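Worksheet for the structure shown next.
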Amino acid sequence: MLPHDLFSGASAADSGGPASPLLNNLNAEQLAAVTLPAGNALILAGAGSGKTRVLTTRIAWLLQTGQVSAGGILAVTFTNKAAKEMMTRLTAMLPVNVRGMWIGTFHGLCNRLLRAHWKLANLPSTFQILDTQDQLSAIKRLMKQFNVDDERFPAKQTQWFIAGAKEDGLRPGDIEARSDDDRKKVELYQLYEEQCQREGVVDFGELMLRSYELLRDNDPVREHYQRRFRHIMVDEFQDTNRLQYAWLKMLSGHTAAGGHFTPGEHNSVIAVGDDDQSIYAFRGARVGNMTDFVREFNVRHQIILEQNYRSYSNILDSANQLISNNKKRLGKNLRTDQGPGEPVRVYESPTDLAEAQWMVEEMRQLTRDGFDRKEMAVLYRSNAQSRVIETALFNASVPYRVYGGLRFFERAEIKHALAYLRLLENKDDDTSFLRVVNFPPRGIGARTLESLQDAARAAGRSLHDAVSAVGGKAGANLTAFVAKIDVLREQTQGVSLREIIELVLDHSGLVEHYKADREGADRIENLDELVNAAESFVTQEGFGRDAVALPVDELRQSPASQGLDPSRPVLDEPLAPDAETGETLSPLAAFLTHAALESGDNQAQAGQDAVQLMTVHAAKGLEFDCVFITGMEEGLFPHENSLSDFESLEEERRLMYVAITRARKRLYLSHSQTRMLHGQTRYNVKSRFFDELPESALKWLTPKNQGFAPSAFGYGGGYGSTRGGSGAYGGGGGYGGGNRYSAGGSSAGKDTFASPPVPPQKAAPSHGLRSGMQVFHNKFGEGTVTALEGTGDDARAQVKFARHGVKWLALSVAKLTPV
DNA sequence: CTAAGACGAGTTTTT
DNA sequence: CTCGTCTTAG
């Protein structure tokens, strides 16, 4: 029976209609994917091929045709954004009970499992989650305590080792140490584990690994979930690491565990991914999981989505030809009905500054052509490249937004506040304890803390519990701190989340401390924002799905548990009085989880029509009308660290593939002959990737130079080498003169500049502000320029803000964008 | 305890 | 060059 036969039969019975509107406008491959029969399948989804649509429609279709109830669905993604997107689209498609489904990130779902089975997972019910920062400080603390030479074993490296081991699903005992250094690292890993266990905290890797082990070691639990999740869907499968793969295997019943092999016939796993977009090997992702999946899950249906709905064919041809240079591929070619569109424009500049200025001019033209600024993206390989571009945009008064950097919940003041909150939940969280024990300062110095740590270690207790062991004045300060925390904990019982946070902000002295600080205004504002975040968390999310534990009664009532030996507890608290209502976390605990698992938006400058700046990695999953890929130079893109081996060079190529496929209408590739890097000017050769693009799709805006000849240059040999024609290196002001900018002077003979050449810029950059101008500031919002003075770096502007009054701002520091 | 200065590192990153 | 971290002096 064909998949759609199956469907139409079911839907006819249900709604009387001939076919569900759900399936309208799907192409043949999409339709096949959506209506796949039960069983494991791999969907190879090219960029822009409607992957998310297929995934969500599949779920809706399964539900609508009654093949599964909401409770039988599990969909897992990598980012909260993707998970949210799925939920939103799904609810738009069907009036469905999203609550019953498990849709979330790997870590979110693991957290959910561990919250529900904390006892079996050997965790305290109040366990806290360490983010990467917390993890690093925990490791530093540990290494100091055990007098580990941090020259030989940098904390960062230890962290990397531990995280890497967990990604591979390895406990200290599973690691074969070959060298003394390795043995030491394994020992540190072991000690770190003990420390975390003692403190009741888990890091991101632990969330995954612990829930994997929970399933592996508890037959009833595993079998319950295996029975429950009949349809498992995995997004971005090419990004899964070893452990995540094993986790999926365990959950779907495709593995023998604890001697009880559970046949997987109940469960269908649909893996959706694109091997050509695998760009996260450096953090443990294993593309090989895709072929392993086909083999080990006995995949019989493979569907390739190649029809692209995003870009014109010049762009797609470029992407296709580039990626065809990779040897290790499953094989896929994007196609479109949209026609060729405009050529891909290539620009060469003498300096990185000139590259940026050209780009600004081009953007101006694009704006005149009717493109929104938010539809223009500048992509670069590494963050350091954003600086010149930002400067150019700033000087030209073009609003822009940079992705990346600290997110809301990662800011220092927020972490401080959260640390207090965490201590209320879990007094043994030493990382949080140390973060705030002397912040704001309360006379507790390094020496005091050392003796406290010694005492705690000797007694095998947490820092909180060991304060009484320290005497003297310092001891009194410590006792006062602990008393303050304990009192706060009392005071916050039965109080709303908002009030808890307000109490903590008041009594911790944080707000007061920042008030005394001349530059503390921003921080106070962020702390206020934390209250808002908590408020909207409670109202909007109803504690957030990630944090809500599995309703306890669900497991008990499931037919699965009925045959179980009653003496064998399936649940942590099967008979608790509140079991009937479903055990949920306290609002505070839920909020803390939310903060750890969802670090919040970058700096959502919502509404601003601004040019988008980001790394290529950050651009994955996004799309724009106009895309500039900058710094297309050997050593930068592909990155020098990736030139030496085949595998990572292929990953660089995939990265380029991702970058190209972000563009809908216009694509620009630019490279510069020289570039400031690490305070030195580097001479760069244009990227080898240019030679892998179809000439017919390109338009050279500047005279085309000799291509890169990989065989002629050894690794790194490209720098400082000369190229045909130019020979002008070292000529200083010589570049950019005359011929290079003359319109139509291209050797290809077919180009004219889309915009007038950039005049050589004078040293003093103009800030482009005028009195009376409406401007936008990240912190203060909108305002009016009331006065200007000074030039260059000393330039200042007086701005009257709607909400924050009149302020003088140094333009070299403050980011003001015209509205 | 704070502030200034030395020092070193410097792809990519979500949870 | 430029940022963050660590050390040292007051």
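Only heavy atoms go into these numbers, but all of them, side chains included; no hydrogens, no water, no symmetry mates. We name chains A, B, ... by the order of the sequence lines, and we start the count at 1 in each one. Note that this is a predicted model, so its numbers are computed, not measured.
The nearest heavy atom of DNA chain B to Leu655(A) and to Gly205(A) marks one nucleotide each, and the one closer to the 5' end goes with Leu655(A). When the nearest nucleotides of DNA chain B are assigned to Gly445(A) and Glu651(A) by heavy-atom distance, the more 5′-ward of the two goes with Gly445(A).
Using a 4.0 Å heavy-atom cutoff across all strands shown, Asn438(A) reaches sugar-phosphate atoms only and no base atom. Within 4.0 Å of Glu652(A), counting heavy atoms only, lies at least one base atom of the nucleic acid. The residue Asn383(A) sits close only to the backbone: its heavy atoms come under 4.0 Å of sugar-phosphate atoms, none of a base. Using a 4.0 Å heavy-atom cutoff across all strands shown, Leu379(A) reaches no nucleic acid atom at all. Using a 4.0 Å heavy-atom cutoff across all strands shown, Lys156(A) reaches no nucleic acid atom at all. Residue contacts for Tyr280(A): at a heavy-atom cut-off of 4.0 Å it reaches the sugar-phosphate backbone alone, with no base atom in range.
For Arg283(A) and Tyr280(A), the positive end sits near the middle of the six-membered ring, less than 6.0 Å away and at most 45° from its axis.
Between Arg442(A) and dC1(B) there is no side-chain N or O to OP1 or OP2 distance below 4.0 Å. The side chain of Lys166(A) contributes no N or O atom lying less than 4.0 Å from OP1 or OP2 of dT15(B). In this model, the phosphate group of dT13(B) is approached by a side-chain N or O of Thr615(A) to a distance below 4.0 Å at OP1 or OP2.
Heavy-atom neighbours of Gln133(A) CD from other residues, nucleotides or ligands within 6.0 Å: above the threshold of 12.
Aromatic stacking of Phe282(A) on dT13(B): not satisfied for centres closer than 5.5 Å together with planes under 30 degrees. Residue His107(A) and nucleotide dT15(B) are not classified as a stacked aromatic pair, given the requirement of ring centres less than 5.5 Å apart at an interplanar angle below 30°.
Note that the OG1 atom of Thr615(A) and the NZ atom of Lys620(A) stand 12.0 Å from one another [nearest 0.5 Å]. Here the CG atom belonging to Leu478(A) is positioned 6.5 Å from the CG atom belonging to Leu449(A), to the nearest 0.5 angstrom.
Taking the six-membered ring for Trp and thresholds of 30 and 60 degrees, Phe409(A) and Phe591(A) have ring planes more than 60 degrees apart, a perpendicular arrangement.
The separation of dG4(C) from dT13(B), taken at their P atoms, amounts to 16 Å, rounded to a whole angstrom. Nucleotides dT5(C) and dT12(B) place their P atoms 16 Å apart, quoted to the nearest Å. Look at the C1' atom in both dC3(C) and dT14(B): the space between them is 23 Å, to the nearest Å. Straight-line distance between the C1' atoms of dC6(C) and dT11(B): roughly 25 Å, to the nearest whole Å.
Here the C1' atom of nucleotide dT13(B) and the CD atom of Gln244(A) are 13 Å apart, to the nearest Å. The CE atom of Met676(A) sits 15 Å away from the C1' atom of dG10(B) (whole-angstrom rounding).
Side-chain atoms of Thr132(A) and base atoms of dT15(B) include a donor and an acceptor less than 3.5 Å apart.
Across dT11(B), dT12(B), dT14(B), the shortest atom-to-atom separation from the side chain of His617(A) is found for dT12(B). With dT2(B), dT11(B), dT15(B) as the candidates, the nucleotide lying closest to the side chain of Pro441(A) is dT2(B). Which of dT13(B), dT2(C), dT15(B) sits closest to the side chain of Ala618(A) comes down to dT13(B). Comparing dC6(C), dT15(B), dT11(B) against the side chain of Ser382(A) picks out dT11(B) as the nearest. Of the candidate nucleotides dT15(B), dT12(B), dT13(B), dT12(B) has the atom nearest to the side chain of Arg381(A). If you check dT13(B), dT2(C), dT11(B) against the side chain of Arg387(A), the one that comes closest is dT2(C).
The side chain to side chain contact (heavy atoms under 4.5 Å, CB included) with Asn684(A) is formed by just one residue from the set Glu634(A), Gln673(A), Glu633(A); it is Glu633(A).
A donor and an acceptor atom, one from each side chain of Gln128(A) and Glu425(A), are nowhere located under 3.5 Å apart.
Taking syn as a glycosidic angle within 90° of 0, dT12(B) does not qualify and is anti.
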